[in-house]
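Working notes, structure below.
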2 protein chains.
Amino acid sequence: MLNMRPVSDDDLTARARIRDVAMALFAEQGVKATTIRAIADAAGVSPGLVQHHFGSKEELRQACDEHVLSYIREQVTEGITDHNLERPEFVEAVRRTAPPLMKYLGRALVDGSPAAAAMFDELVSVTAANLARGDHSDADHRARATVLTAMKLGITVLHEHVSRALGTDLYGPQGALRVGQAQLDLIRPEFVGLELHERARTGLDKFGEQR
Amino acid sequence: MLNMRPVSDDDLTARARIRDVAMALFAEQGVKATTIRAIADAAGVSPGLVQHHFGSKEELRQACDEHVLSYIREQVTEGITDHNLERPEFVEAVRRTAPPLMKYLGRALVDGSPAAAAMFDELVSVTAANLARGDHSDADHRARATVLTAMKLGITVLHEHVSRALGTDLYGPQGALRVGQAQLDLIRPEFVGLELHERARTGLDKFGEQR
DNA sequence: CGGCTTCCAATACAGCCGTATAGCATGTTG
DNA sequence: CAACATGCTATACGGCTGTATTGGAAGCCG
């Protein structure tokens with residue numbers, strides 16, 4: 001035993017394949033509308049194997065939750081804490097790997113996943129602390145942080161409509177650039193954090209010049 | 001014949017009751033997860049009656065779509081075009097009647113309703129025209145309008161999380177006030193339209209003083 | 001009053017869903 | 001080599017879902 005998960009984490013084991021396919025289908029159609037048989041079919045395995053690896057549909061869903069949460073925490077750490085936002089190759093790497101996970105997160109927020117709700121609350125708390133740090137007035141930081149979080153995630157949740165209205169895939173290179181810049185244009189810089197705003201702006205500009 | 005829909009439109013006929021209950025359940029759980037039997041149960045009628053009035057689940061869903069769309073168009077006309085945004089009783093009236101319909105709209109946007117998609121596109125077009133009217137530069141008005149629309153609707157779609165993070169119901173009097181003001185704080189006024197921004201701000205303030 | 005339409009409930013049914021079970025290779029362990 | 005754990009498939013089953021059908025009650029019209 002203990003032989004599971006042979007080498008790395010993003011390999012092509014059947015288990016990982018099932019999880020990835022499930023995330024994509026859950027994101028597109030919702031959890032309830034996605035059948036285990038459809039997942040198995042898309043992953044090229046039998047329905048029984050899905051159950052073998054994850055026990056039940058609900059447990060499969062939780063596995064998807066945990067996977068996307070750990071990924072996002074990782075990227076946020078690398079991007080913000082480790083000051084990688086200015087590096088175009090980092091922005092490009094995220095743009096390539098993140099889409100399926102972001103789409104799943106958007107759906108999970110609406111489908112009532114506890115893990116997604118927890119992530120939302122965490123984002124609000126971090127944002128509220130950021131706002132309070134830059135503005136010591138008695139403004140309603142909690143409400144501002146909540147609205148800011150919901151607005152940003154709203155773009156993720158409504159990615160399909162955003163892409164259609166834009167005429168370009170939100171998660172394509174041009175779409176991400178246009179939406180990112182529009183966000184920076186629309187929101188008052190002091191609420192993104194002046195420093196973070198500047199870093200994001202320059203990172204986005206560099207990324208735009210590269211193409 | 002021709003006796004259907006006796007007097008007004010918002011009466012308590014079984015047909016209207018079924019539609020309203022369906023909208024609430026669709027909004028809470030999604031269309032696929034909501035059964036016709038559950039709708040009939042909540043409306044106090046037999047499952048057969050649901051089919052009698054709407055034919056099929058899909059047609060019931062379309063009826064919900066049309067109902068919410070006509071309502072929203074009506075309120076937007078009264079609020080913006082007829083300059084009612086400053087009147088606190090108008091804001092209060094909307095706050096009382098809109099919630100179930102807004103919740104349904106939020107779900108419809110994610111569940112892939114064609115009608116909701118059309119409304120999104122329409123909102124983007126109107127917003128883009130507004131932006132272009134106030135700014136003749138070669139800025140990316142289309143992207144800004146799309147992002148602005150998605151962010152605003154994002155609050156609706158994520159109302160459950162917003163309410164939880166706020167500690168108050170988004171559609172309660174205090175919640176609507178706090179979120180409305182936070183939105184006006186966060187977004188650069190010129191993108192709401194300077195005049196509209198001012199009107200919304202004063203309307204919100206009056207509404208806040210009243211309580 | 002007889003006929004017709006509308007509103008509604010009860011029952012029936014075919015299909016699909018999640019899941020339990022049994023079985024078969026493969027390769028690892030003791 | 002024997003025993004066993006693992007990755008996987010095939011089949012079966014109970015329950016639920018959408019919907020078709022049937023029939024009855026109430027009200028209008030001629």
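From a predicted model like this one, the values you see are computed outputs, not experimental measurements. Below, chains carry the letters A, B, ... as their sequence lines are ordered, and counting in each starts from 1.
Summarising the geometry, the separation between CZ on A:Arg15 and C1' on D:dT6 is reported as 13 Å, rounded to the nearest angstrom. The distance between atom CG of A:Leu25 and atom P of C:dG18, rounded to the nearest whole Å, is 12 Å. When the P atom of C:dC8 is taken as reference, atom CD1 of B:Ile39 falls 16 Å away, rounded to whole Å. A:Ile18 has its CD1 atom 10 Å from the C1' atom of D:dG7, to the nearest Å. At whole-Å resolution of the value, CD in A:Glu59 and P in C:dG18 are 14 Å apart. The distance between atom NE2 of A:His52 and atom C1' of D:dC8, rounded to the nearest whole Å, is 7 Å. Per the geometry, CG belonging to A:Leu49 stands 16 Å off P belonging to C:dA20, to the nearest Å.
When the side-chain contact (heavy atoms from CB on, under 4.5 Å) test is applied to B:Ala129, no partner is found at least two apart in sequence or on another chain. With sequence neighbours left out, the side-chain contact (heavy atoms from CB on, under 4.5 Å) criterion links A:Thr35 to A:Arg37, A:Ala38. Residues passing the side-chain hydrogen bond (donor to acceptor under 3.5 Å, both in side chains) test with A:Ser70, sequence neighbours excluded: none.
Listed pair A:His53 / D:dT6 fails the phosphate criterion, with no side-chain N or O lying under 4.0 Å from OP1 or OP2.
Counting only residues at least two apart or in different chains, ring-ring contact (aromatic ring centres under 6.0 Å, His included) contacts with residues 76-123 of chain A comprise A:Phe120-B:His161. Among pairs with a residue in residues 146-160 of chain A, none fulfils salt bridge (Lys or Arg N to Asp or Glu O under 4.0 Å), at least two apart in sequence or across chains.
Considering every non-hydrogen atom in both A:Asp111 and A:Arg61, the closest pair reads O-NH2, 3.7 Å.
For B:Gln51, taking side-chain heavy atoms from C-beta onward, the closest of the listed nucleotides C:dA9, D:dC8, D:dT21 is D:dT21.
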Please write out each protein N/O paired with an N/O of nucleotides 12-18 of chain D under 3.5 Å, distance rounded to 0.1 Å.
from: D:dG18; atom 1: OP1; to: B:Lys57; atom 2: NZ; distance (Å): 2.7
from: D:dG18; atom 1: OP2; to: B:Ile36; atom 2: N; distance (Å): 3.1
from: D:dG18; atom 1: N7; to: B:Arg37; atom 2: NH2; distance (Å): 2.6
from: D:dG18; atom 1: O6; to: B:Arg37; atom 2: NH2; distance (Å): 2.8

